[in-house]
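Working notes, beginning with the structure itself.
Just so you know, these numbers use all the heavy atoms, side chains as well, and skip hydrogens, waters and symmetry mates.
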Amino acid sequence: KSLFNNKEKNIGSIGDASIFSFGRDKVVSSTIGGLAVINNSNNKKWLERMEYEFSILSEMKKSRVRQSLFYTFWTTAFVRPFYYFFNAGKFFLLSSQKLSLIEGVYTKSEEKGTCVPAQPSQYNKRLGRLLLSQLSGLKNYTNHRHKIANVYIKNLGLEYYKNSNYMRVPLDLKFLMKDFSSDEISIVYNNIKKELRYSKGCLIGTWYDAIFLPKTVDLDFLGYKEGDLPVSESLIKNRVLNLPTNYYTDEVDAEMISMVIKSNIGLL
């Protein structure tokens, strides 16, 4: 829920239509797919048009369904448990993409920054069952994220995140290191990453480190020049850590992560 004109509204219900993504990094995920909702039920033309557009879509390719279902098994059984074991988990992930056992994060055209629309298809029922199993536990997942986020809020003084629900809590180190230079912040940023990864076995999200993702896109092709977005450019330069709130992270983990951050900054 969110506040709109001081009234609580369900997410996605404010406009006439909403689109929800079920991609890999979403609150509930079937690795691919999404949902379109018409909120204005009185507009029958909209509803009829959407029903027609859906009816003429082809069925999702069986290979994509297999890749999506395999991804959930593969990452849970092999990638995540062995991610820190001589980078075995990362090897499993990349090799399975090379062998087309799972889909890559980006298409070839997206890697270049060109605009080639993906081929749409109807959402597959097997993926729907995977999604529904997660929706049934959404309340528990949400409560867990709130609980873990509150540990970061309490330990790191992030009061502006209070009552927010984040998949990951973004921490701008500049907030805690106001009197430090960019170079000093960058050193602390890298030290925190290394200590958490190699000493604590915890991978902190630091992948929002480019103006456009993936990094392989041609900025000249997109018409972007350095300095066009100075605030964003400063944020992507070794400043923002994304703290985990997932189900594999408990309160003890969150306390440890908070202490590592404070120790490196000199707040302990």
Given the rule in the side chain to side chain contact (heavy atoms under 4.5 Å, CB included) test, do Ile32 and Arg24 qualify, once you have shown the distances and angles that lead to the verdict? CA-CA 7 Å; Ile32 56 174; Arg24 292 181 185 178; over 6 Å; no
How far apart are the C-alpha atoms of Phe20 and Val28, what are their side-chain angles, what is the distance that settles it, and do they pass the side chain to side chain contact (heavy atoms under 4.5 Å, CB included) test? CA-CA 10 Å; Phe20 299 86; Val28 290; over 6 Å; no
Test log, rule side chain to side chain contact (heavy atoms under 4.5 Å, CB included), inputs Lys193 and Asn190: CA-CA 5 Å; Lys193 281 200 310 178; Asn190 286 310; 3.7 Å; yes
List the steps and the verdict of side chain to side chain contact (heavy atoms under 4.5 Å, CB included) for Tyr224 and Leu229. CA-CA 9 Å; Tyr224 185 86; Leu229 297 172; 3.5 Å; yes
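A donor-acceptor pair is defined here as one N or O able to donate and one able to accept, closer than 3.5 Å; no such pair exists between the side chain of His144 and the backbone of Tyr248. Side chain of Asn242 to main chain of Pro170: no donor-acceptor pair is present (N/O by atom type, distance under 3.5 Å, no hydrogens or angles). A donor-acceptor pair under 3.5 Å links the side-chain atoms of Asn155 to the main chain of Val151, judged by distance alone. For the pair Ser121 (side chain) and Ser58 (backbone), a donor-acceptor distance under 3.5 Å is absent. No donor-acceptor pair under 3.5 Å is formed between the side chain of Asn143 and the backbone N or O of Asn140. For the pair Ser199 (side chain) and Leu196 (backbone), a donor-acceptor distance under 3.5 Å is absent. Listed for the Ser263 side chain is no donor-acceptor partner under 3.5 Å among the backbone atoms of Met259. Of the possible donor and acceptor atoms, one in the side chain of Lys174 sits under 3.5 Å from a partner among the backbone N and O of Phe180. In this structure, Ser29 contributes its side chain and Lys26 its backbone to no donor-acceptor pair below 3.5 Å. Under a 3.5 Å cut-off, the side chain of Ser186 and the backbone N or O of Ser182 do not form any donor-acceptor pair.
Listed by first then second residue, pairs satisfying salt bridge (charged side-chain N to carboxylate O under 4.0 Å, His left out) with a partner in residues 199-214 read Asp209-Lys215, not counting sequence neighbours.
By the 4.5 Å heavy-atom criterion applied to side chains, Lys154 and Asn150 are not counted as neighbours. Contact of the Thr75 side chain with the Arg80 side chain is not registered, since no non-hydrogen atoms from C-beta on lie closer than 4.5 Å. Side-chain contact between Thr245 and Val169 is present, with at least one heavy-atom pair separated by less than 4.5 Å. Put simply, the side chain of Ile257 reaches to within 4.5 Å of the side chain of Tyr152, judged on heavy atoms. Residues Ile38 and Asp16 fail the side-chain proximity criterion, which asks for heavy atoms closer than 4.5 Å. A 4.5 Å side-chain heavy-atom check between Leu93 and Ile102 finds at least one atom pair inside the cut-off. Within the 4.5 Å cutoff, the side chain of Ile148 has heavy atoms near those of the Glu251 side chain. A heavy-atom distance below 4.5 Å is not found between the side chains of Val217 and Lys112.
Summarising the geometry of Thr72 relative to Thr76, their closest heavy-atom pair is O-OG1, 2.8 Å, with the distance given to 0.1 Å. Considering every non-hydrogen atom in both Glu233 and Lys225, the closest pair reads OE2-O, 4.1 Å. What you find for Gly113 and Leu222 is that their closest heavy atoms are O-CD2, 3.7 Å. Minimum interatomic distance between Pro214 and Glu111 (heavy atoms only, all atoms of both residues): CG-CA, 3.7 Å. Taking all atoms of both residues into account, the shortest heavy-atom contact from Asp253 to Asp250 is N-OD1, 2.8 Å. Here the closest heavy-atom approach between residue Pro244 and residue Ile204 is recorded as CD-CD1, 3.6 Å.
Taken together through direct or relayed side-chain contacts under 4.5 Å among Ile, Leu, Val, Met, Phe, Trp and Tyr, Ile192 and Leu235 form parts of separate hydrophobic clusters. When hydrophobic clusters are built by joining Ile, Leu, Val, Met, Phe, Trp and Tyr residues whose side-chain heavy atoms come closer than 4.5 Å, directly or via intermediates, Tyr161 is grouped together with Leu267. Cluster membership check: Val188 shares its hydrophobic cluster with Val260, using side-chain heavy-atom separations under 4.5 Å among Ile, Leu, Val, Met, Phe, Trp and Tyr. Residues Phe70 and Leu94 do not share a hydrophobic cluster, defined by chaining ILVMFWY side chains whose heavy atoms lie under 4.5 Å apart. Phe22 and Met167 fall within the same hydrophobic cluster, where Ile, Leu, Val, Met, Phe, Trp and Tyr residues are linked whenever their side-chain heavy atoms come under 4.5 Å apart, directly or through other members.
Ring-plane geometry between Trp74 and Phe78 is classed as tilted, the angle between the planes lying from 30 to 60 degrees on a 0 to 90 degree scale.
Electrostatic pairing of Glu53 and Arg49 counts as a salt bridge here, judged by a charged N lying under 4.0 Å from a carboxylate O.
Between the OG atom in Ser96 and the CD atom in Gln67 there is a gap of 9.5 Å [rounded to 0.5 Å]. We find the CG-CG distance between Leu156 and Leu243 to be 7.0 Å, quoted to the nearest 0.5 Å. Considering CD1 of Ile261 and CG of Asn191, their distance stands at 12.5 Å, rounded to 0.5 Å. In this structure, Lys125 NZ and Leu132 CG are separated by 12.0 Å, a value rounded to the nearest 0.5 Å. Summarising the geometry, atom CG belonging to Leu241 is positioned 9.0 Å from atom CG belonging to Asp172; distances are rounded to the nearest 0.5 Å. Rounding to the nearest 0.5 Å places CG of Asp218 at 11.5 Å from CZ of Phe212.
Annotation: cation-pi pair Arg239/Tyr189 absent, no NZ/CZ under 6.0 Å from the ring centroid and within 45° of its normal.
The neighbour count for Ile19 CD1, taken as heavy atoms of other residues, nucleotides or ligands under 6.0 Å away, does not exceed 12. Other residues, nucleotides and ligands contribute at most 12 non-hydrogen atoms within 6.0 Å of the CD atom of Glu226.
Inspection of the Tyr123 and Ser30 side chains reveals an N or O donor paired with an N or O acceptor under 3.5 Å. Donor-acceptor pairing under 3.5 Å is recorded for the side chains of Ser181 and Glu184.
With sequence neighbours left out, Glu103 forms a side-chain hydrogen bond (donor to acceptor under 3.5 Å, both in side chains) with Arg64.
Membership of the apolar cluster around Leu57 extends to Phe54, as traced through chained side-chain contacts below 4.5 Å between ILVMFWY residues.
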